[in-house]
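Presented below is the structure to which this report refers.
Heavy atoms only: backbone and side chains are in, while hydrogens, waters and symmetry mates are out. Since the model is a prediction, treat every value here as computed from it, not as a measurement. First listed ligand is number 1; within each ligand, the first listed atom is number 1.
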Amino acid sequence: MSTETSPHLFTASADELKNKVILVTGAGDGIGRQAALSFAACGATVILLGRTVKKLEAVYDEIEAMSAPQAAIIPLDLNGATQQHYLDMTATIENQFGRLDGALLNAAHLGVLSQYVQISEDHWDQLMQVNVKSQFLLSQALLPLMAKSNHASLLFTSSSVGKQGRAYWGGYSVSKFAIEGMSQVIADEYDKTGLRSNCINPGATQTLMRATAYPGEDPQTLKTPLDIMPSYLYLMSDASIGITGQSINAQIK
Ligand code: NAP
């Protein structure tokens with residue numbers, strides 16, 4: 001299977017992720033919500049992490065309604081969480097489920113798009129806290145547990161502006177470059193193990209974040225979160241064993 005073209009064409013079977021325990025951050029809305037539903041539909045036990053409990057409960061209920069394995073909810077605001085929160089959370093996952101086979105680190109903060117010279121220090125700090133430091137602390141806490149699983153998949157979320165800087169995307173763009181680097185460092189360190197680390201770039205997708213960034217755009221012209229799921233399912237499934245240190249576009253250009 002070619003890694004350049006196959007992820008978008010991947011067809012997951014109904015038990016593709018059976019017996020896997022997978023954490024999804026930002027699981028209450030947008031791409032994270034759909035990924036949680038799609039992973040559950042393929043048999044995974046999904047741990048829903050996010051900051052708005054009502055949204056997480058709605059996803060939990062949708063998973064219950066499709067008779068998929070019972071999900072779990074972890075309410076956590078990445079903006080305020082400390083290292084101890086991530087360590088405690090990982091211990092809870094280990095106690096409750098015994099393992100973690102996959103983690104989709106999807107939650108992110110867009111912030112305000114502005115000229116570089118107008119970015120405030122507070123704004124910069126919040127972007128780096130949510131989009132970089134929390135991803136570092138979370139992945140650092142999860143890795144020892146994930147490494148115990150056979151063929152665990154750690155999946156970071158990047159962006160086109162994390163590969164090519166773009167005017168007015170300031171701290172968000174810089175934070176996504178950092179995510180690309182974080183994933184590559186981990187992939188290289190774990191290269192001789194069964195654990196893989198990759199980045200996924202969803203591409204323009206019909207979500208609240210996209211509508212905030214492009215208020216004049218007709219959302220109907222965009223792919224939906226469901227449309228881009230083949231790549232997410234591919235990277236979480238055993239079909240992608242051996243794929244590591246890569247940055248994969250969820251959409252065909
Ligand atoms: P979204 O619709 O805004 O959803 C983001 C999710 O992350 C929401 O559930 C949100 O929770 C959660 N979140 C945000 N800040 C959080 C925090 N401090 N603590 C915990 N959870 C937090 O965004 P999306 O478009 O699905 O984006 C998902 C990922 O794809 C992001 O990493 C984004 O950068 C990336 N991306 C998206 C696009 C696109 O076109 N949509 C393109 C390139 C990259 P609440 O619901 O409580 O706000």
Side-chain angles (χ1 to χ4, degrees), residues 23-38 46-60 62 71 73-82 85-86 89 103-113 123 125-139 154-166 169-180 182-183 198-215 217-229 231-232 235 247-251 253:
L23 174 75
V24 178
T25 74
D29 213 334
I31 296 164
R33 170 186 167 277
Q34 184 57 58
L37 294 172
S38 295
V46 183
I47 303 168
L48 311 165
L49 186 154
R51 64 179 169 182
T52 308
V53 175
K54 264 192 174 172
K55 290 186 182 182
L56 299 175
E57 285 174 346
V59 178
Y60 179 98
E62 282 191 74
I73 289 178
I74 298 181
L76 196 66
D77 185 341
L78 302 182
N79 196 29
T82 63
H85 285 111
Y86 298 113
M89 184 198 83
L104 170 61
L105 305 198
N106 159 84
H109 180 61
L110 175 67
V112 181
L113 303 187
H123 179 206
D125 285 347
Q126 192 185 353
L127 274 166
M128 294 306 143
Q129 177 67 35
V130 176
N131 293 2
V132 184
K133 189 174 175 186
S134 81
Q135 313 297 300
F136 156 63
L137 292 173
L138 177 55
S139 55
L154 178 59
L155 186 53
F156 290 92
T157 307
S158 183
S159 167
S160 307
V161 297
K163 303 177 197 203
Q164 174 69 55
R166 193 179 304 161
W169 284 77
Y172 177 86
S173 174
V174 173
S175 74
K176 293 298 189 181
F177 270 88
I179 287 305
E180 294 275 350
M182 201 179 292
S183 174
N198 293 289
C199 278
I200 189 160
N201 167 25
T205 310
Q206 207 183 98
T207 67
L208 202 56
M209 183 184 283
R210 177 74 190 187
T212 306
Y214 294 88
E217 184 177 65
D218 176 3
Q220 299 308 320
T221 61
L222 302 173
K223 298 279 189 201
T224 67
L226 184 61
D227 292 333
I228 62 170
M229 282 304 119
S231 300
Y232 283 77
L235 287 163
S247 186
I248 288 174
N249 292 316
Q251 297 187 35
K253 294 280 170 204

Exercise for the section: State, yes or no, whether a side-chain contact exists between Val132 and Met182 at a heavy-atom distance under 4.5 Å. Expected result: yes
Problem - Evaluation steps, side chain to side chain donor-acceptor pair (under 3.5 Å), between Thr224 and Asp227 - result: CA-CA 5 Å; Thr224 67; Asp227 292 333; 3.2 Å; yes
Handout entry: Enclosure of Lys163 NZ (heavy-atom neighbours >12, cutoff 6.0 Å)
Key = yes
Exercise for the section: Search all heavy atoms of Pro219 against all heavy atoms of Glu217 and return the closest pair with its distance. Expected result: CD-O, 3.2 Å
Problem - Non-hydrogen side-chain atoms of Arg33 and Glu62 separated by less than 4.5 Å - result: yes
Problem - Spacing of Ser247 atom OG and Lys176 atom NZ [to the nearest 0.5 Å] - result: 11.0 Å
Distance dump, ligand 1 polar atoms to protein, N/O, under 3.5 Å:
from	atom 1	to	atom 2	distance (Å)
ligand 1	9 (O)	Gly26	O	3.4
ligand 1	9 (O)	Asp29	N	3.3
ligand 1	18 (N)	Asp77	OD1	2.9
ligand 1	19 (N)	Leu78	N	2.9
ligand 1	25 (O)	Thr207	OG1	2.5
ligand 1	26 (O)	Ile31	N	2.9
ligand 1	32 (O)	Asn106	O	2.7
ligand 1	32 (O)	Lys176	NZ	2.9
ligand 1	34 (O)	Tyr172	OH	2.5
ligand 1	34 (O)	Lys176	NZ	3.1
ligand 1	40 (O)	Gly203	O	3.3
ligand 1	40 (O)	Thr205	N	2.9
ligand 1	40 (O)	Thr205	O	3.4
ligand 1	41 (N)	Thr205	O	3.3
ligand 1	41 (N)	Thr207	OG1	3.1
ligand 1	46 (O)	Lys55	NZ	2.7
ligand 1	47 (O)	Arg51	NE	3.3
ligand 1	47 (O)	Thr52	OG1	2.3
ligand 1	48 (O)	Arg51	NE	3.3
ligand 1	48 (O)	Arg51	NH2	2.8

